[in-house]
Structures are given as structure tokens and as C-alpha cells.
Amino acid sequence: MSDVLARLKEIVGAKGFSDDPREIAPHVEEWRGSYKGHTPLLLKPVTTEEISRILAICNETATAIVPQGGNTGLVGGQIPFNAEILLSLTRMTRVRRTDRAGANMTVEAGVTLAGAQAAANDAEMYFPLSIASEGSATIGGNLSTNAGGVHVLRYGMARELVLGLEVVLADGRVLDMLRSLRKDNTGYNLKEIFLGAEGTLGVITAATLKLFPKPEEIVTAFAAVRSPAEAIALLTAMQKATGGLVSAFELLPKTGLQLVIEHIPGTRNPLNTPSDWYVLLEATSGANFGLAETVETALSDSGLISDASIASSEQQRADMWKLRESMSEAQKKEGASLKHDIAVPVASIPAFVEKATEAVLKAIPGARPVTFGHLGDGNLHFNFNAAKGSDGAAFLSRRADVARIVHDLVHDFGGSFSAEHGIGVMKREELVRYKSPTEIEVMRALKRTLDPKNILNPGKML
Ligand code: ZN
């Protein structure tokens with residue numbers, strides 16, 4: 001093993017590795033503290049060629065390796081649990097090319113999502129992927145986990161924003177699929193299998209990403225609605241009124257808003273009318289043609305809201321988004337919580353929320369539902385906080401059986417037990433429980449073909 005480590009160190013040079021436990025520590029622990037691993041060696045290559053040589057050695061010597069981006073994942077996929085080599089992509093930060101005519105750009109895997117957004121902006125274009133952790137999450141991680149976020153409704157998940165991909169295979173061969181074509185029907189769409197594969201089939205080193213016209217007019221509104229059903233009706237009305245320009249449509253419950261206002265300094269409810277549910281919606285257009293009036297009129301004509309506020313400054317807009325984006329942090333500050341990242345068909349959301357909330361409250365009387373999320377995608381963060389003053393540890397000890405209750409119902413509704421966070425180690429059992437045996441067989445066959453020695457992120461997903 002020490003011989004293998006020496007060979008790997010030699011590839012990247014003195015600046016490209018660390019075996020100092022203090023430097024390694026933040027890389028082997030998940031940010032919420034839910035997962036902790038260990039590694040004898042952190043590699044920090046800067047080129048695809050270095051990664052190619054690293055994987056060739058790992059494959060030759062059957063040495064397991066875990067790729068990692070910004071370490072913001074929530075399901076343990078980026079943690080080396082069994083002393084695997086840790087491969088950090090965070091020094092691969094070049095923007096290789098921006099192409100305004102073709103509306104795309106090619107960036108390396110270690111560019112942060114915020115960095116990619118800024119690079120698009122520099123080219124007078126727009127890259128729409130947006131998630132709470134975008135300051136440190138990387139493009140490689142976003143693509144490997146098929147990240148979602150708040151703009152999926154309009155622009156799709158991470159995988160839908162990819163035109164081309166560069167991947168290093170387990171044996172070190174570089175699979176160059178960095179094409180920028182919109183039309184390319186030349187056989188299997190190989191890049192697709194690496195998107196959302198959590199680093200189990202290859203290491204994504206660069207991507208050609210779709211760009212869009214930069215939003216010039218941004219209209220952000222916060223509205224009170226009676227129920228999730230009326231929120232869905234409001235979404236349909238707003239899409240019709242704006243011709244499909246709604247770019248975000250987030251559902252917030254009264255319970256969640258109260259937690260945010262209580263725990264996050266500088267936040268307040270922009271509305272005076274109390275309500276059980278709220279919606280944060282945003283519509284954008286690449287040109288100024290009076291979108292604000294359209295949204296305002298459509299909101300008041302909808303007959304579905306009891307109160308609404310439209311942001312009239314960038315500060316007000318940021319304040320509204322802070323309410324939504326602080327939801328997880330507020331839940332954390334309130335104490336023990338059980339979380340489920342699920343999706344059901346949009347039309348089924350009201351029935352699902354009612355049934356699943358009832359089922360969880362039957363299992364844990366007094367638990368406080370904090371259901372929020374990307375209503376337009378059918379993706380809910382179906383979360384619960386422990387009853388005030390109750391035993392947090394006892395609440396958390398129910399994690400597995402509550403997840404079973406929720407995920408079984410999700411399955412009954414034709415939904416997904418993992419909408420945007422992935423499988424990692426957290427949801428491996430669910431994968432086997434809810435996917436068909438044939439799907440699992442095909443996934444395993446792909447894994448065996450592309451990584452016969454099982455060196456790439458072993459034990460994750462499958
Ligand atoms: Zn989310």
C-alpha cells in the first residue's frame with residue numbers, strides 16, 4: 001500500500017496531495033456531521049491527465065478511490081468510509097471556453113456552481129442551476145448527483161443542462177464527449193449514464209453546459225394560499241398568464257416560516273395576513289415587457305390568494321428568498337428533525353401530504369410537520385421536527401421506521417424516495433426495495449462493465 005501511495009503522490013507533486021490529518025479532516029466529514037470517514041491520502045490533481053494516471057494505478061492495484069467535489073452532499077456519497085483514497089476535484093477550476101453563439105460553456109469539474117454562474121454572467125449569458133450550497137458545491141458534484149434546486153421547473157435538473165462531458169474511466173482511459181451539439185443522434189447517449197451516477201462509473205472531469213439568455217426582468221412574489229391544492233392551481237394560473245415564464249415556485253408552511261423568523265436574524269413575514277401555507281414565486285424574462293404588471297394582475301385575478309407582496313427592490317427579493325433558503329438551518333436550530341427528499345406527481349401532492357402527515361403523526365404523536373419545497377417539480381422536503389421540549393434522541397431513533405412509512409406511501413403514489421439528493425449510503429436499501437429487480441440488474445451490469453474491480457466509490461448507491 002505504501003508503494004501505491006508513493007506512486008500516487010508522485011503523479012500530483014507536492015502541492016497535489018495531503019496526508020496531514022488536520023487538512024484531511026474537513027474532507028472526511030459531512031457538513032451536518034451525519035457521516036464521518038477516514039483516508040490515508042487526499043489527492044488534489046489539477047488536470048484530467050493526472051486523474052487518468054491516478055485511476056490507472058488504482059485500477060492496476062485494485063485500490064479504492066472516492067471522488068469528491070465541494071463536500072456538500074447530504075447522503076454520504078462523497079465520504080471515504082473504508083480508508084479509500086480521497087480524490088478532490090476542487091483544484092480543477094478552469095473555465096475552458098464560453099461560446100455565446102452556441103449558448104454553452106465548458107468548465108472543469110472543480111468550478112463551484114457559483115463560479116459557473118459568474119462565468120456565464122461574464123459572457124452576458126445565464127446558467128440557471130441554483131441550489132442553497134452553490135458557493136461551495138462544484139459542477140462535478142452537481143452533475144454526479146444530478147442536482148435539482150429552485151429552477152428545475154423552468155430549466156430542468158442538472159442532467160438536462162449538459163451538452164457534453166469528459167469522464168475518466170476506472171482504468172484511466174479518458175472518455176471525451178465534450179461536444180457542444182444540440183443535435184447528435186449517433187448511438188447510445190453515453191454521457192447520460194455518468195450523470196447522477198455518484199462517481200460509481202467514472203470520474204467527471206469537465207462538462208459543456210447549456211446557457212440561456214440572461215434574465216432582465218425578475219419578478220419575485222410572496223403569497224398566502226389556503227392549501228397545497230390552491231398553490232398548485234395558482235402555479236397553473238401563473239404559467240398561463242406569463243406564457244410559462246415562472247422560474248421558481250416554492251411552497252412554505254406556516255410552521256417552517258415561524259421557525260425561520262424565530263431562529264434566523266433579520267427575517268420577517270412580508271405579509272400581515274396569517275396563513276397556513278405560503279408560496280414564493282419568481283418569473284423572469286430576458287427582455288423588459290411589463291412582466292411585473294402581468295404577475296400582479298394574474299395574482300389578484302386568480303382568486304386563490306388571501307394576500308401577496310411583490311418585491312420592489314433587490315433587497316426585498318433577497319429577503320423573500322432568505323425565508324425559503326433558511327428553512328433547513330432553522331430546522332436544525334430548532335433541534336432534532338427527520339427529513340425526506342421525495343417527489344410525487346404534482347397533482348398528487350395534496351393527497352400525499354395529507355395521508356403521509358397523518359401516518360407520521362400516528363407513529364410519532366406531536367411531531368411537527370415542516371413540509372416545504374419545489375412544488376412545481378413535485379419535489380417536497382417532507383420534514384418533521386420533534387415536539388417542543390421532547391427527547392430529541394428518541395425522536396431521531398425513529399428515523400428508519402418513519403422513512404419506511406413515508407417512502408412506502410411515496411411509492412404508492414408513483415413517486416420517488418430520492419428526488420434531488422441522491423442515494424449515497426443513506427438510501428441504498430430503499431433503492432433495492434423500490435426499484436424493479438430488472439432495473440437493479442441493469443445498473444449492476446453497467447457497474448461491472450465500467451468498473452470491474454469495484455474501485456470507484458465502492459459501497460455507494462449499489
Ligand atoms: Zn431542495
Side-chain angles (χ1 to χ4, degrees), residues 3-13 16-17 41-69 77-78 80 84-94 96-97 106-111 138-146 159 162-181 184 186-209 442-462:
D3 172 52
V4 175
L5 296 183
R7 288 171 70 194
L8 293 172
K9 288 176 185 175
E10 200 186 310
I11 291 169
V12 289
F17 72 87
L41 181 63
L42 168 67
L43 291 171
K44 303 178 288 179
V46 287
T47 64
T48 302
E49 205 231 317
E50 285 176 356
I51 294 179
S52 164
R53 291 169 62 200
I54 288 167
L55 291 192
I57 289 176
C58 287
N59 196 54
E60 175 205 317
T61 58
T63 305
I65 186 160
V66 175
Q68 185 183 80
Q78 75 279 25
E84 297 95 336
I85 306 290
L86 188 59
L87 179 69
S88 171
L89 281 290
T90 51
R91 285 175 79 220
M92 289 196 60
T93 55
R94 280 190 314 142
R96 291 190 191 166
R97 197 174 57 92
T106 300
V107 302
E108 292 185 339
V111 172
T138 61
I139 290 296
N142 292 157
L143 300 185
S144 295
T145 56
N146 186 27
R159 72 161 73 243
V162 179
L163 290 172
L165 210 59
E166 182 184 85
V167 178
V168 181
L169 298 175
D171 61 8
R173 281 178 297 166
V174 177
L175 191 54
D176 182 354
M177 306 173 285
L178 279 178
R179 301 179 191 100
S180 62
L181 302 170
D184 180 21
T186 51
Y188 298 145
N189 185 357
L190 291 181
K191 72 176 193 301
E192 201 64 32
I193 59 172
F194 300 97
L195 301 168
E198 301 181 17
T200 60
L201 299 179
V203 176
I204 294 175
T205 47
T208 301
L209 303 170
V442 173
M443 286 174 74
R444 290 201 169 122
L446 270 173
K447 174 71 173 169
R448 276 195 305 272
T449 302
L450 287 169
D451 182 19
K453 293 191 179 173
N454 195 25
I455 61 161
L456 290 173
N457 218 0
K460 310 296 167 53
M461 188 183 290
L462 286 171

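The residues of the chain are indexed from 1 along the displayed sequence.
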> Can I54 and V12 be said to form a side chain to side chain contact (heavy atoms under 4.5 Å, CB included), step by step?
Replying inline: CA-CA 9 Å; I54 288 167; V12 289; 3.9 Å; yes
Smallest separation among heavy atoms of [X] and [Y], with atom names:
X: S88; Y: L42; answer: CB-CD1, 3.8 Å
X: L456; Y: A170; answer: CD1-CB, 3.7 Å
X: L143; Y: A207; answer: CD1-CB, 3.4 Å
X: A64; Y: P458; answer: CB-CG, 3.7 Å
X: L165; Y: K191; answer: CD2-O, 3.7 Å
X: P80; Y: V66; answer: CA-CG2, 3.9 Å

> Are any of the side-chain nitrogens in E60 or R7 under 4.0 Å away from the carboxylate oxygens of its partner?
Replying inline: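 Salt bridge flag = yes for R7 with E60.
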>> Salt bridge or not between E50 and R91? Use side-chain N to carboxylate O under 4.0 Å.
In response: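 Answer for the salt bridge query: no.
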Is there a side-chain contact between [X] and [Y] in this structure, where contact means two heavy atoms from C-beta onward sitting under 4.5 Å apart?
X: D451; Y: N457; answer: no
X: K447; Y: M461; answer: no
X: I11; Y: I57; answer: yes
X: I193; Y: Y188; answer: no
X: T208; Y: L178; answer: yes

How long is the straight-line distance from [atom2] of [Y] back to [atom1] of [X], given to the nearest 0.5 Å?
X: L169; Y: I51; atom1: CG; atom2: CD1; answer: 12.5 Å
X: M92; Y: I204; atom1: CE; atom2: CD1; answer: 12.0 Å
X: I85; Y: L41; atom1: CD1; atom2: CG; answer: 5.0 Å
X: T106; Y: I139; atom1: OG1; atom2: CD1; answer: 11.5 Å
X: R179; Y: L163; atom1: CZ; atom2: CG; answer: 11.5 Å
X: L201; Y: L450; atom1: CG; atom2: CG; answer: 5.5 Å

>> If we ignore hydrogens and angles and just use 3.5 Å, is the side chain of S52 paired with the main-chain N or O of T48 as donor and acceptor?
In response: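 Not confirmed, S52 side chain does not pair with T48 backbone.
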> Counting distance only, does the side-chain N/O of E108 pair as donor-acceptor with the main-chain N or O of R94 below 3.5 Å?
Replying inline: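 Confirmed, E108 side chain pairs with R94 backbone.
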Give a yes or no on this: more than 12 heavy atoms of other residues, nucleotides or ligands lie within 6.0 Å of atom [atom1] of [X].
X: E10; atom1: CD; value: no
X: E49; atom1: CD; value: no
X: R173; atom1: CZ; value: no

>> salt bridge (charged side-chain N to carboxylate O under 4.0 Å, His left out), that's the test. Do E166 and R96 meet it? Break it down for me.
In response: CA-CA 12 Å; E166 182 184 85; R96 291 190 191 166; 3.1 Å; yes
